[in-house]
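Data block below; observations after.
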Amino acid sequence: MRRPEAPATAHESGLMSAGEPSVTMEAEQLQRLLDALPALISYIDSDERYGVANRAYERWFGEDSGSIVGRQVREVIGDAAYAVVKPHITAVLAGRPQDFESRLTYREGRRRHVRIQYIPHLGASGDVRGFFALVADVSEQKRAEDARRFLADASAALDPAQGRDAGFRRVAALAVASVADLCAVHTLEPDGSVHARVVAHADPAKAELAARLARRSRPLPAPGEPPSPLREVLHGGHGRLLPDLACHAPAGEDHLAALRELGCRSAVIVPIRGDGCVLAALTLASAEAERTFDAADLAFAEELSQRIEVALQRVRLYDMARDAESEARRRFLAEQEARRAAERAAQRMAGLQRITAALADALTSEAVAQVVVDIGVAAAGAYAGAVVVTAGDALECLKEVGYEREAVERFRQMPLDASLPLTDALRTGAPVWLRSREECSARYPRIASTVLSGATVSLCCLPLVVQERPIGVLGLSFAEPRPFDREEQEFLVAVSRQCAQAMERARLHEERAALVERERRAALENARLYREAHEADRRKDEFIAMLSHELRNPLAPLTTGLELLQMSAQMSAGERADRDDRQILATLERQVKTIVRLVDDLLDVSRITRGKIELKRERLDVASVVEAAVESVRPLLVQRGHDLVLSVDPGVFVHGDRVRLEQVVVNLLNNAIKYTNPGGRVSLACAAIAGDARIRVTDTGVGISADLLPRVFEPFMQARRTLDRSQGGLGIGLTLVKRLADLHGGRVEARSGGPGEGTAISVWLPLAGAPAEAPAPPALPPALEAAPPRATTRPLHVLLVDDNVDAAEGLRRVLQLHGHAVSMAHDGPAALEAARASRPDLVLLDIGLPGMDGYEVVRRLRAEPELTRSYIAALSGYGQDQDRRRSREAGFDAHLTKPVATEQLLSLLAEAAPRG
C-alpha cells in the first residue's frame, strides 16, 4: 500500500496549540485518524524519545501506545533494528530527510521488511527539534516481488547444459537467498530409501548441520506406520502444506525432525514430475515465527515445481539432443577414422608392395638395408631408421637415415648384453614398442637422456628373424607419440619380416656368388698352375737338355785327354820323353774348372734364393772390380774376336762384397760376349748418377724380344737356343746378377730394341759415403785369397773313407805323392776297424756312406779314447751353411766340399799335423 508523500520538513507554526479548545478537538480527531492507519506513525524528539505514537505500535509490539511515549527508540525496537536505523536518525536530526527500505529484526526476533520515512521538525529559528517517523510494513509486497524475481532467476538457473543436479543446487541457493530459510530436494531410490540430493540453508552457520542431517539414513517405515508427508509426495501424492511443523510432524519422522532441529517452523513439500511420474520432492521451509506458509506459498512452490519440471524437460531434450549430436559425431568420427584407417591401410599396402618389389632386386645385405631405410622408413612415417646386424660380439650398422653421426657410432659400440631397446629385441626375438619418451624413460632410464636424440619421441625395435634366429634389428624413430595399434604393429612386423627374408636371400646369393667366384678363381688358378707347371716342365726339360749339353762339352775333352794320357802311359820311356803332355793337362784343368763353375752357379742361385749367402762388405772402388772382371773374361773376348769399349769413371765407391760384385760384372760380360756374334762390340760404362753407381754393359748381339724382356732375370731363361749351342751356359747368369744386386740394395734393368738390335743391362748400386778413416790397403786378387799358402808338413798317417772307389783312389795318389801314408775303407764298419787298428793322424770321412753314414761314424770315432787326437774332416757334395753346422755338431773338425782342390787338401794337412 502506498500513501501520499509526506512533506520534507514540518515547521512549528503549523502545529496546533494544545491550549485552545478547537485545537484540542482537532488533535483528538487527528489522533483517531492516525490510530486507524496500519502504518507506524510517531514523533521523536532530538533525544530520540517518542513524543507521539499511533495505535499501530500496539499491534506491532503488543504494548499500549501510551506506554511507548517517552521511551527511547532503541528500547522500543531493539538493538538489532536500532543498529540499522541509527545512521538515518543521525542524518534526519542533522536536517536531512530520510526515505529507505530495510529488513529489520525487531525485539523477540520478529523480522519485517519495512519502508521508513524520517521528516525533520524545524523550530522558528530553523533548528531541528525532532522528526516525524512513518514506518510501513512492505513484507508481503517484498515477498511477492522476491517470489516473482526468484521464479525468473530459478528458470534462468536451470541451464540444460549443466545437468539436473547442478540446476537443483542453483535453485536451492536462490531460494534460501530470497523466499525461504531452507531448501531441499529429495529423490526416492530404487530400494525405497529417500536420498537428499540438495540441501541449502540461509544461515551459513547452519549449512553444515543441514548437510549432516541430510546424510543421515532414513529407514523404511515399519508395516502399518503411516507414511511421512515427504514419502507421500515422492510416491505420487499432491503437494503438502505444513503451516506448523510441530503439529504435523510425527515423532519418528527423520525429515520433519531434521527441519525442527534446524529451527524451521513452517514448510511446504511439492512433487517435481516428469515422464508421468514423480522425479523428486521440493521442500521449502521458514524459520520465522511470524511467517506461516499458507495456500499462496503452496501455490508458489507448485509453480516453482512446474518450472523445474519444464526445465527438466529441457534438460531431457538437451540430453537427447546432446546424445544425438554425440552419436552423430561419434558416427562421423568413426567414419572419418574408418576412412583414414582405409587410407593408411592402402598406403601401408602400397609401401609394402614397393618394398617387396625393390627387395626383389637387392642382391646384397647392404642393398637390402638401403631399400628398407629408403622406402620402409618413409612408409612407416618415421623420421629416422637404421638396419643393424650382428657381427661377432658386436653390432654393425649396415644403413641408416636421419640419425646424427654420434648416434650411429653408438650403434657400433653397443655390447650385445646391454639393456637397450635394440639389444633386448635382438636377444628376445620380440619387438620393443616405446610409445612416448615417458615410457622410454620408465623402461630404459639410462638411455633416455644419452642415446635418444632430441627429436625422438617414440620408437620401435623390430628383430630380423631368420629360422627362429635373430640376425639383426630394424630400428625406427618417430618425432611424435605413436599408439602402435594392432594394424600399425602388423604392418611394421611385416616390413621387418620382408627385410629379414631379403637379407637371408641376399646372404644365400652372396654365398652362391662367392662359391662361383671361388670356383672361377680356382679354375683360373688351376689353369695358371697348369700353364706354369707345363712351362716349368718344358723349362725343366730344356734345362736338363741344356745341363746335359753343358756337362758333355767339358766331358768330351776330359775323356779325350784321359785317353791320351792312357796312351802315353803305354809308351816306352823314349817315346814318352819325346811327348809334351802339359797342353793335355791344361785342357783337363780348364774343363774341370768349367764344370766347377757350372755347379757353383747352381749352388749360388740356390743359396741366394733361400737367403743362405752372407756378404763380406767393404768400401771399394768399382773401377777395381771392373778391372778384375775384365781380366777374367779376356780369354773369351779374344776367342770370340770382340772389341771391348771401357768407360769407367774413377772414384766411384760402393759398400759391397768384392767377390760377389766381380761375379755380377763377369756374368754381365759373359752374357754380352756369348750372345754377340764374332767380331762384335761390347761396351762397359761405370759412372755415379743421382746417388747410385751405375754399371752398364751394352752389346751389339742378338737382342731380346719384347715378350721375353720382362722375364730375362728369371732362372733358366735364355733367348731362343740353336742346335749349335754357341752361347752355352745354364740361363742363370742374369738371375744371379739381379739377386746379388738386390742383396746390395740395388736394382737391375734390361733394355733391347728387339731381335738383332743388341741388349743393354744396367745395374744400380748405392754409392758409399766418405770414408771414416784412411782407406784399407788394396785387397789381394781373388786367386790369392782363395788359395792359402802351401804348408810343408811332416808325413801323416791318413785314413781315407769313401764309397766312391775312383774318387778315393785319386785322393790317395795325391796324398802319397806328398809323402803321406794312406789307408782306405769304403763303408762305416770298415772305417771303424781301420781306425782302431792304425790310429790315424787324419781321417777324411765321406758323409754319404751306405748303411752307416758319416755322422754316425764320427760319433763312434769320438767315443774311442785312443782316437781323441785324430783330426777328422768331412767330405761331402753339400756345402751349405746348415750342412757345415750339422757336421760341426756331429764332431767333425773341418768340412770339405767335393771336389777337393789340392791346395785346399794341403792346407787341411798343415792344420792336422800339430795333433799327430
Side-chain angles (χ1 to χ4, degrees), residues 535 539 542-543 546 549-550 597-598 601 604-605 608 622 625-627 629-649 652 660-687 689 692-742 744 746-765:
E535 177 65 16
R539 288 163 57 185
E542 290 185 357
F543 172 72
M546 175 180 57
H549 181 275
E550 293 298 320
R597 181 177 57 79
L598 291 174
D601 283 350
D604 282 343
V605 170
I608 295 173
V622 178
V625 174
V626 171
E627 181 180 358
V630 169
E631 290 302 319
S632 298
V633 301
R634 191 173 297 279
L636 185 58
L637 275 170
V638 173
Q639 178 184 353
R640 302 285 291 181
H642 295 322
D643 292 333
L644 177 63
V645 180
L646 295 176
S647 176
V648 180
D649 293 347
V652 179
R660 295 302 181 182
L661 292 182
E662 183 179 337
Q663 187 177 3
V664 167
V665 179
V666 168
N667 277 324
L668 291 178
L669 291 173
N670 275 333
N671 257 27
I673 294 170
K674 288 190 299 180
Y675 288 98
T676 300
N677 294 326
R681 185 177 69 253
V682 176
S683 301
L684 189 153
C686 177
I689 300 175
D692 289 326
R694 188 190 71 176
I695 304 171
R696 183 171 187 175
V697 175
T698 307
D699 61 63
T700 59
V702 297
I704 304 174
S705 63
D707 59 336
L708 187 62
L709 191 61
R711 302 173 60 191
V712 294
F713 296 105
E714 296 179 12
F716 316 123
M717 289 300 300
Q718 289 183 325
R720 183 178 179 181
R721 303 179 180 90
T722 57
L723 292 177
D724 59 4
R725 290 291 304 158
S726 59
Q727 295 87 0
L730 298 176
I732 58 176
L734 291 182
T735 302
L736 280 174
V737 169
K738 182 180 185 306
R739 296 186 179 179
L740 288 174
D742 291 341
H744 283 81
R747 68 184 190 280
V748 296
E749 180 187 61
R751 292 186 179 182
S752 175
E757 299 297 327
T759 304
I761 307 292
S762 300
V763 177
W764 282 270
L765 300 173

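Heads up: numbering here begins at 1 and tracks the sequence. Computed from a prediction, not measured in an experiment: that's the story for all the values here.
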Intermediate values then yes/no, side chain to side chain contact (heavy atoms under 4.5 Å, CB included), Arg640 and Thr676: CA-CA 9 Å; Arg640 302 285 291 181; Thr676 300; 5.9 Å; no
Do Asn671 and Lys674 have side chains that get closer than 4.5 Å, going by heavy atoms? yes
Taking side chain as C-beta onward, heavy atoms only, is Trp764 less than 4.5 Å from Glu749? yes
Sequence neighbours excluded, the answer for side chain to side chain donor-acceptor pair (under 3.5 Å) partners of Asp742 is Lys738
As an exercise, state the distance from CG of Leu637 to CG of Asp643, rounded to the nearest 0.5 Å. 9.5 Å
Looking only at non-hydrogen atoms, find the nearest pair between Asp707 and Pro710 and report the distance. O-CD, 3.6 Å
Not counting sequence neighbours, which residues clear salt bridge (charged side-chain N to carboxylate O under 4.0 Å, His left out) with Asp649? List them please. none
With a 4.5 Å cut-off on side-chain heavy atoms, are Val633 and Ile673 touching? yes
Under the salt bridge (charged side-chain N to carboxylate O under 4.0 Å, His left out) test, which residues partner Glu757, sequence neighbours left out? none
Do His642 side-chain atoms and Pro678 backbone N/O form a donor-acceptor pair below 3.5 Å? no
Could you list the donor-acceptor pairs under 3.5 angstrom formed by side chains in residues 696-703, with sequence neighbours left out?
{"residue": "Asp699", "atom": "OD1", "partner": "Gly701", "partner atom": "N", "Å": "2.8"}
{"residue": "Asp699", "atom": "OD1", "partner": "Thr759", "partner atom": "N", "Å": "3.2"}
{"residue": "Thr700", "atom": "OG1", "partner": "Arg681", "partner atom": "N", "Å": "3.2"}

Side-chain heavy-atom pair Leu684, Val645 within 4.5 angstrom cut-off: no
Kindly say whether Ala741 contributes a backbone atom to a donor-acceptor pair with the side chain of Arg747 at under 3.5 angstrom? no
Under the side chain to side chain contact (heavy atoms under 4.5 Å, CB included) criterion, do Leu734 and Asn667 qualify, and how do the steps go? CA-CA 7 Å; Leu734 291 182; Asn667 277 324; over 6 Å; no
Looking only at heavy atoms, what is the nearest atom pair of Ser632 and Glu662, with distance? OG-OE2, 3.6 Å
Report the distance from atom CG of Leu644 to atom CZ of Arg634, rounding to the nearest 0.5 Å. 6.5 Å
side-chain contact (heavy atoms from CB on, under 4.5 Å) with Leu709: which residues, sequence neighbours excluded? Ile704, Ala750, Ser752
Starting at CG of Leu646, measure out to OG of Ser683 and round the result to the nearest 0.5 Å. 8.5 Å
Which of these, Val664, Val682, Ile761, sits in a side-chain contact (heavy atoms from CB on, under 4.5 Å) with Leu669? Val682
With heavy-atom distances below 4.5 Å as the criterion, would you say the side chains of Val763 and Arg694 are in contact? no
Pairing residues for Glu627 by the side chain to side chain donor-acceptor pair (under 3.5 Å) criterion, not counting sequence neighbours: none
Are side-chain heavy atoms of Leu636 and Asn670 found at a separation under 4.5 Å? yes
